[in-house]
Amino acid sequence: MPEYPDAAALAEVMAHLARLPPLVTSYEIESLRRQLADAAAGRRFLLQGGDCSESFEDCESDCIAKKLKILLQMSLVLVQGSKLPLIRVGRFAGQYAKPRSADTETRSGLTLPTYRGDMINHAGFTPAERTPDPQLLLRAYERAALTLNFIRSLVDGGFADLHHPEYWQLGFVSRSPLAAEYTRMVQSIGDALRFMETLVGSPVSQINRVDFFASHEGLHLYYEEAQTRQVPRRSGWYNLATHFPWIGERTRRLDGAHIEYFRGIANPIGVKIGPGVSPEEAVALARVLNPANEAGRLTFICRFGAGKVATVLPTLVRAIREAGATVLWCSDPMHGNTETTASGIKTRRFENILAELETAFLVLKDEGAHLGGVHFELTGDDVTECLGGASGVTEADLTRAYRTQLDPRLNYEQAMEMALRLARLMAQNRT
Ligand code: PEP
Ligand code: CO
């Protein structure tokens, strides 16, 4: 947790945050939980994606609309491959705090606190910018509300209407070698919709629209706690800052503050688990975070790395099964595949990301379980942060459009290609 120099100012902001209206409702949270329970039973599929770290700067219409577009397009492709309804969850409207490996950073003899995300301090390297400022918690809440407001309006207003996939088209279709495959999918969805409407004799209005849910790492406990409330006619406490908070790999210690906070809320939750997790620890996490063993409550977001997934995942799946615990298995093929190039740029290789994803899918299937969801860092923009993919981003390209504040994201074409490859695998393995 960052250290705020002025405890009274922090307390005042917390009280203010606790008074402001909630960003999401318990109805939406419960609906997501039911949908995740379906995914745990193999009847739905979870697609979660967005920036590693949202910035206040990027709280603008084009950037938000592009994130929706990419998630919508990927979900369309995954519906086609899996023949399952999709749950769309953005890493947005609250992803403003980041775990850092060091508390301080030193440049030319000056040591300052590290940058921990726009909710906490500023990226600039001066004492004023790096000092944690509680007012930024309010600015984060406001940005989250603006983001959610725009997303809800777009979705309600017909932006996500399945009759008009062209509304959400980005550049992909004109450029990518995989464009033909995508266009075919979109056409067949249009045909299926028209067929249904002809059959029923009226527009299929309920399937016009799709839902979106929000998620972020529940890292900054001051922010999360201030928005954790009881609601009328329901028992328990809800984090009303987001639908689906998750615990990061660095803060999932069984005796840590984050587990203590998360075990007390009613939301569906995720936990990131890395290659260092033991089967006993995974079982203990399931017990403490989901004591009633309810389907939909707990998602394990696995991020092992392409080289480790085949050895780590099977033992975990067996241990969880033997313990009788219900979890939704989700793959985050990004965070275990981060590397630094010879020239010092943090990147990830498309082939490693895809390899981890495919291996996770096949391992889970072999073990009698199933992959119920995926978690990506991506953007609707044409950035060059990850290497490879059909469009062939090379090391030399990395400097051209490297814009992430922290982790490298799949660009638009890479994200679509990833979805197409996963859809193919799902279609081949459908029973
Ligand atoms: C993240 O999702 O950006 C992140 C920090 O992940 P992890 O906790 O898995 O390292
Ligand atoms: Co990240």
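Just follow the structure's listing: the first ligand is 1, and inside any ligand the first atom is 1. Reckoned from all heavy atoms, side chains included, excluding hydrogens, waters and symmetry mates. Each residue takes its place number in the sequence, starting with 1.
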Assess, by modelled atom type and distance only, whether the side chains of [X] and [Y] contain a donor and an acceptor separated by less than 3.5 Å.
X	Y	result
Glu30	Tyr238	yes
His220	Arg116	no
Ser53	Gln95	no
Glu356	Asn337	yes
Thr394	Asp397	yes

### Query
Within the distance-only criterion (no hydrogens, no angle test), does the side chain of Thr404 pair as donor or acceptor with the backbone N or O of Pro408 below 3.5 angstrom?
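No.
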### Task
Measure from the ring center of His216 to the ring center of Trp246 and say whether it is less than 6.0 Å.
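No; Trp246 has its ring centre 6.0 Å or more from that of His216.
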### Message
Between Tyr141 and Tyr223, is the ring centroid distance below 6.0 Å?
### Response
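No, too far apart.
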### Message
At less than 2.8 Å, how many protein N/O/S atoms surround the Co ion (ligand 2)? Leave waters out.
### Response
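Count of protein N, O, S atoms less than 2.8 Å from the Co ion (ligand 2): 4.
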### Message
Out of Lys272, Met334, Gln95, who is nearest to atom 6 (O) of ligand 1 when you count heavy atoms only?
### Response
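Heavy atom nearest to atom 6 (O) of ligand 1 belongs to Lys272.
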Does an N or O from [X], backbone or side chain, lie closer than 3.5 Å to an N or O of ligand 1?
X	result
His375	no
Trp246	no
Arg250	yes
Glu217	no

State the atoms of ligand 1, each with its element, that fall below the 4.0 Å cut-off from a heavy-atom position in [X].
X	value
Gly248	8 (O)
Arg303	7 (P), 9 (O), 10 (O)
Glu377	1 (C), 2 (O), 3 (O)
Arg91	1 (C), 2 (O), 3 (O)
Cys52	3 (O)

Who's the nearest protein heavy-atom neighbour of [atom], and how far?
atom	answer
atom 8 (O) of ligand 1	Glu249 N, 2.9 Å
atom 3 (O) of ligand 1	Lys98 NZ, 2.7 Å
atom 4 (C) of ligand 1	His335 NE2, 3.4 Å

### Message
I want to check something: taking the side chain as every heavy atom from C-beta on, are Ile273 and Leu316 in contact at a cut-off of under 4.5 Å?
### Response
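Side-chain contact under 4.5 Å: yes.
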### Task
With sequence neighbours left out, write down each residue that passes side-chain contact (heavy atoms from CB on, under 4.5 Å) with Asp366, or none if nothing qualifies.
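Testing Asp366 for side-chain contact (heavy atoms from CB on, under 4.5 Å), a comparison that skips the adjacent residues, returns none.
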### Task
Go through the steps to decide whether Glu294 and Arg33 satisfy the test salt bridge (Lys or Arg N to Asp or Glu O under 4.0 Å), and finish with yes or no.
CA-CA 10 Å; Glu294 289 163 40; Arg33 182 212 270 265; 2.7 Å; yes
### Message
Ignoring hydrogens, what is the shortest heavy-atom contact between Met14 and Ala226? Give both atom names and the distance.
### Response
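Scanning both residues, the minimum pair turns out to be O-CB, 3.8 Å.
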